[in-house]
Number of protein chains: 2
Amino acid sequence: MTMYSNISTTAALIGDATRTGILMALADGKALTAGELAHIASVSPQTASSHLNKLMEGGLIKVEVQGRHRYFKLSGPEVARAIEAIAIASPPLKVRSLRQSSEKKALEYARTCYGHLAGKLGVATTDALIACGYFRDIGDVYQLTDRGQEWLIDFGVQPFLPKKIDFNAIPQHLDWTERRHHIGGPLALAITRRLHDLGWIEDGPIRRSIKLTRVGRACMQDEFGIDTDQL
Amino acid sequence: MTMYSNISTTAALIGDATRTGILMALADGKALTAGELAHIASVSPQTASSHLNKLMEGGLIKVEVQGRHRYFKLSGPEVARAIEAIAIASPPLKVRSLRQSSEKKALEYARTCYGHLAGKLGVATTDALIACGYFRDIGDVYQLTDRGQEWLIDFGVQPFLPKKIDFNAIPQHLDWTERRHHIGGPLALAITRRLHDLGWIEDGPIRRSIKLTRVGRACMQDEFGIDTDQL
DNA sequence: TCAACATTTCGATGAAACATGAAATATTCA
DNA sequence: TGAATATTTCATGTTTCATCGAAATGTTGA
């Protein structure tokens, strides 16, 4: 038992392929049952149960019991952040199978990340919002410009916004597939909700993946000047 | 081979006590030889060599050869960030031995983190700078106030500053021992250098640890109103 | 109370991998 | 060139741990 042993045990917990699969399935904050997780990670229920036990002991996940179902979820966002930080420090995945490649593409293209837009589409949208002069990138945070404030209202984002937001400190979120920043926090969540509402985006076939609809494709081009064919 | 396998292999690399020790020794950016690392991690040179090999293959460290010495260092700051994120997501360490406890205390008290002040002292200093009205905490970054700009000059930090700094976006650094924010980036580095220069702080007995000198203790109290006995 | 389902516990197996002694390789210095 | 030092490679003992079959526990609804 040396110093840092808590760090190495946590890392070891994440450092198993099956457990990483489980954690990733929970990474967007959703709660899933043991059976579902076993299926997603493609292992037997016993195996999943064993892993879930270890993750509990390690404090990475917690459980809510509801009758004969047990809903597992990450114990907090700091766990998701840790996994994400590891992903960023990891060498890019060499793709082997066709299925794997298409899954990877779907997630790289667009997905949600604690509710807001991520992936290529997320980064592109952020770039566009800056190009339009609605946001300013000042290094560690984004700032909403005056024109940006007007746009929020025009575009109908307002109703999705919580009361108090500091428009001078919109969090930057580092994306692990693109390794680029994009807007995060409540404001990003609100914009994503609005896009959903407008029918420009919808949930994709793979967990957490997002699809740009046909309308969305045209309108994004129109509204933000994003060349969606490039994506 | 599933999706995410790059993530799990990276985590598995960090997830061994010996390797965590090695990575932690390199976490402040310094370069160390295989022998030094073997000593720090208290394993035989062969063992250390084997681990260093694996860390190289995993892309977490890189080596610079200089004659019969091979200097190892982290391959980049994103590796340090990943380890830090894991530390934050980890349950606090239960201390077993007396030596371990004193090491832990020394690091908790104060240490450098990529060159700037961290630990209790770092957090306390940041709190004090805000209390004095030199910095403003607006959520995701700190901002330097007008009074803060004057203070930088008065206190003699100016010479240590690089040319261009955005005083409206001083990075926040999340500390893994305190789990609190403190100021980071070039400005924090400059302040730390100045404190060293003034003789208020000096290097401590344990790697990366920092000691407050007798003068420093009095002056910090005087200048910032930090009650150093509380620490 | 019984049947269906969800989940966990137990035990065995097999593979992965950590640590080290011994020996090999490489570099410096006298 | 030869001795000293730094580091790696190899072979091996030992331990850890992921996986799954079989069985047990717990929950629901009829």
Could you give the [atom1]-to-[atom2] distance, from [X] to [N], as a whole number of Å?
X     : N      : atom1 : atom2 : result
A:L32 : C:dA6  : CG    : P     : 15 Å
B:L52 : C:dC18 : CG    : P     : 13 Å
A:L37 : C:dA6  : CG    : P     : 14 Å
B:H39 : D:dA6  : NE2   : C1'   : 16 Å
B:L13 : C:dA16 : CG    : P     : 16 Å
B:E57 : C:dA17 : CD    : P     : 11 Å
B:Q46 : D:dT12 : CD    : C1'   : 13 Å
A:D16 : C:dA16 : CG    : P     : 13 Å

Starting the side chain at C-beta, find the nucleotide from D:dA18, D:dC20, D:dT8 nearest to A:R19.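 So the nucleotide nearest the side chain must be D:dA18.
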
Which nucleotide sits closest to the side chain of A:V43: C:dT7, C:dA19, D:dT19?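 Of the options given, the side chain of A:V43 lies nearest D:dT19.
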
Distance-minimising heavy-atom pair for B:A27 and B:A80: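 The pair with the smallest heavy-atom distance is O-CB, 4.0 Å.
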
Indicate whether OP1 or OP2 belonging to [N] is found under 4.0 Å from a side-chain N or O atom of [X].
X     : N      : result
B:S44 : C:dA19 : no
A:H51 : D:dT19 : yes
B:R70 : D:dT8  : yes
B:K54 : C:dC18 : yes
A:N53 : C:dT9  : yes
B:T47 : C:dC18 : no

May I ask you to test the A:T33-A:Y71 pair for a side-chain heavy-atom distance under 4.5 Å?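 Of all side-chain heavy-atom pairs linking A:Y71 with A:T33, at least one is under 4.5 Å.
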
Non-hydrogen side-chain atoms of B:I201 and B:T192 separated by less than 4.5 Å: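 Touching, per the 4.5 Å side-chain cut-off.
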
Within the structure shown, what part of the strands sits under 4.0 Å from B:S50 by heavy-atom distance: base, sugar-phosphate, or nothing?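 Touches nothing.
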
Quick check against the 3.5 Å criterion: does A:S75 have a side-chain atom that pairs as donor or acceptor with the backbone of A:G59?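 Side chain of A:S75 to backbone of A:G59, a donor-acceptor pair under 3.5 Å: yes, one is there.
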
For B:S8 and A:G15, indicate whether the former's side chain and the latter's backbone hold a donor-acceptor pair under 3.5 Å.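 Here the side-chain-to-backbone pair does not exist.
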
